[in-house]
Structures are given as C-alpha cells and as structure tokens.
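For clarity, every value in this text was computed on a predicted model and none was experimentally measured.
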Amino acid sequence: MNYSIFDVDGTILDSMEVWNTLASQYVQSLGMVPEKNLDEIVSDMSLEQSATYLKNHYKINKQEERIISEVLNFISYFYEYEVNLMPGFKEFISHYDSINVIGTSCDEELVKIALNRLAVLNYFEDIITCSKVNKSKNDPDFYLACAQVLKQRPEDIVVFEDADYCIDVARKVGFKVIKIKDWRDLNEKCINDCGK
C-alpha cells in the first residue's frame, strides 16, 4: 500500500462528537429551535451544502459564506486547543510507509492547525477539501480528484474512512478502503480479539 487518502474527522481526529451536534448548536446560538434530526440531515453534506440548507430551512438572513464563517468560528477553538488524535493514530502513521493526502469536508485551515499542533501534519503531501475541488464526499469525483493529486489510479490507492456513505462511494470507483471504527464503539470482545 504505497498511496493513501485519509479522511480527517473520525479517522485522524477524534472530533465526531463535536461535528455530530454542530448544526443544532449553531441554530440554537441564533435563538432558534433546531429540528430534532437536524444533525442527521446535514451529516452527509459539505460545509457549503449545510450552510445552504440552514439558510433556506431556518430563513437565516445571511449569506452562505457568513454562515460558514460563523460555524467555523464556533469550532475553531476546539481544533486549535482541544481536539485529540484518534487513539493509536500517531503510532500508526509514523510507521506507515505510504505517500498520503488528506481528503476531507472540513475546513483546510482548521485541519492544518489541529494536525500541526498534534505533530502529524508532515505525514501528508496535501489537503484536498470539498471546497477546494467543489465536490462533496458523496460524489465519486471528490475521490478521483484526490487520486489526481497522487497521480495514481484508484485501484492503487487505499482510502481510510469512517463514514459508510463515503466508503461506498470510494469502493464504487475502484479504491481499496479501510473502515475506521470509533474506539467508543469497540466492545471488550473486539478489543481482546484484536490482532489474533
């Protein structure tokens, strides 16, 4: 495995709990009551798509760019000072012999800030974001854009990803995929059997 694409949230960074409630927290900060399944609705969307949804659904009188900026400000402190790596990631990446890029829907600057603080940014050649290529992660063209950066065919690249919908998209266009499970979901039997 010489070429790899790594997702960030839930794969490199232990940040999914923040993202899983971010839309609701943002709507509440505007003095509105979010719909019960709001976070689930926007979970597969890029930042741009989420901003459009929030603007239209909640009649927010702001441009999408402003909404994105406010959402990013909402979580920037977390990325700059608090977010941790997924358990075992630093040990893994420091021994993983591969040319790596990041493929994420997260903001590039947030990713850089967090990975630099956590001393793993230098393991990646580039950061490809949905915003940069104007494709969401449920579009095969997003992963193909990452492959272009690596100058490799999909079948020669391994994608590390935690989201099922992304895994399905990447597999359909020929990538090898390794699914990352949240360590909180691992039961004792799974942990004890690991490596056997």
Could you pull out all residues at least two apart from Thr21 that satisfy side chain to side chain contact (heavy atoms under 4.5 Å, CB included)? Gln25, Asp39

Under the side chain to side chain donor-acceptor pair (under 3.5 Å) rule, collect the residues that match up with Ser43, sequence neighbours excluded. none

Restricting to pairs with a member in residues 27-61, which pass ring-ring contact (aromatic ring centres under 6.0 Å, His included), not counting sequence neighbours? Tyr53-His57

Please round to the nearest 0.5 Å and tell me the distance separating atom CG of Leu85 and atom NZ of Lys90. 7.0 Å

Determine whether a donor-acceptor pair (N or O, by modelled atom type, separation under 3.5 Å) exists between the side chain of Ser69 and the backbone of Glu65. no

Output for pair (Ser4 OG, Lys176 NZ), nearest 0.5 Å, gives 9.5 Å

Only one of Lys179, Lys137, Lys181 passes salt bridge (charged side-chain N to carboxylate O under 4.0 Å, His left out) with Glu161; say which it is. Lys137

Per side chain to side chain donor-acceptor pair (under 3.5 Å), Ser15 is matched among Asp9, Asn20, Asn84 by Asp9

Taking only residues two or more places apart in sequence or in another chain, which ones pass ring pair (Phe, Tyr, Trp, His ring centres under 6.0 Å) with Phe92? Tyr96, Phe160

Would you confirm whether Arg117, through its side chain, and Val83, through its main-chain N or O, come within 3.5 Å as a donor-acceptor pair? yes

Are Tyr165 and Val177 joined in one hydrophobic group, where the rule is that I, L, V, M, F, W and Y side chains link up if heavy atoms are under 4.5 Å apart? no

Audit row: Asp7, Cys166, side-chain contact (heavy atoms from CB on, under 4.5 Å) steps and yes/no: CA-CA 9 Å; Asp7 170 52; Cys166 295; over 6 Å; no

Excluding sequence neighbours, so at least two apart, what forms side chain to side chain contact (heavy atoms under 4.5 Å, CB included) with Glu125? Ile99, Val101

Presence of salt bridge, Asp107 and Lys112, under 4.0 angstrom: no

Residue list, side chain to side chain contact (heavy atoms under 4.5 Å, CB included) with Asp139, at least two apart or on another chain: Lys135, Ser136, Asp141

Counting only heavy atoms not in Asp168, do more than 12 sit closer than 6.0 Å to its CG atom? yes

Which other residues end up in the same hydrophobic cluster as Val33, if Ile, Leu, Val, Met, Phe, Trp and Tyr are linked when side-chain heavy atoms come under 4.5 Å apart? none

If only side-chain N and O atoms count, and only distance matters, is there a donor-acceptor pair under 3.5 Å linking Asn2 with Ser98? no

Here the salt bridge (Lys or Arg N to Asp or Glu O under 4.0 Å) pairs for residues 74-83, sequence neighbours left out, are none

Sequence neighbours excluded, which residues qualify as side chain to side chain contact (heavy atoms under 4.5 Å, CB included) partners of Val111? Val8, Ile102, Thr104, Cys106, Leu115, Ile127

Going by chain and number, the hydrophobic cluster around Tyr77 (ILVMFWY, side chain to side chain under 4.5 Å) further includes Tyr81

Tell me, do Leu22 and Val42 make a side-chain contact under 4.5 Å, heavy atoms counted? no

For Lys62, what residues pass the side chain to side chain donor-acceptor pair (under 3.5 Å) criterion, not counting sequence neighbours? Glu70

So which pairs with a foot in residues 104-125 pass ring-ring contact (aromatic ring centres under 6.0 Å, His included), sequence neighbours left out? Phe6-Phe124

If you count the non-hydrogen atoms of other residues, nucleotides and ligands that lie under 6.0 Å from CG in Asn56, is the total more than 12? yes

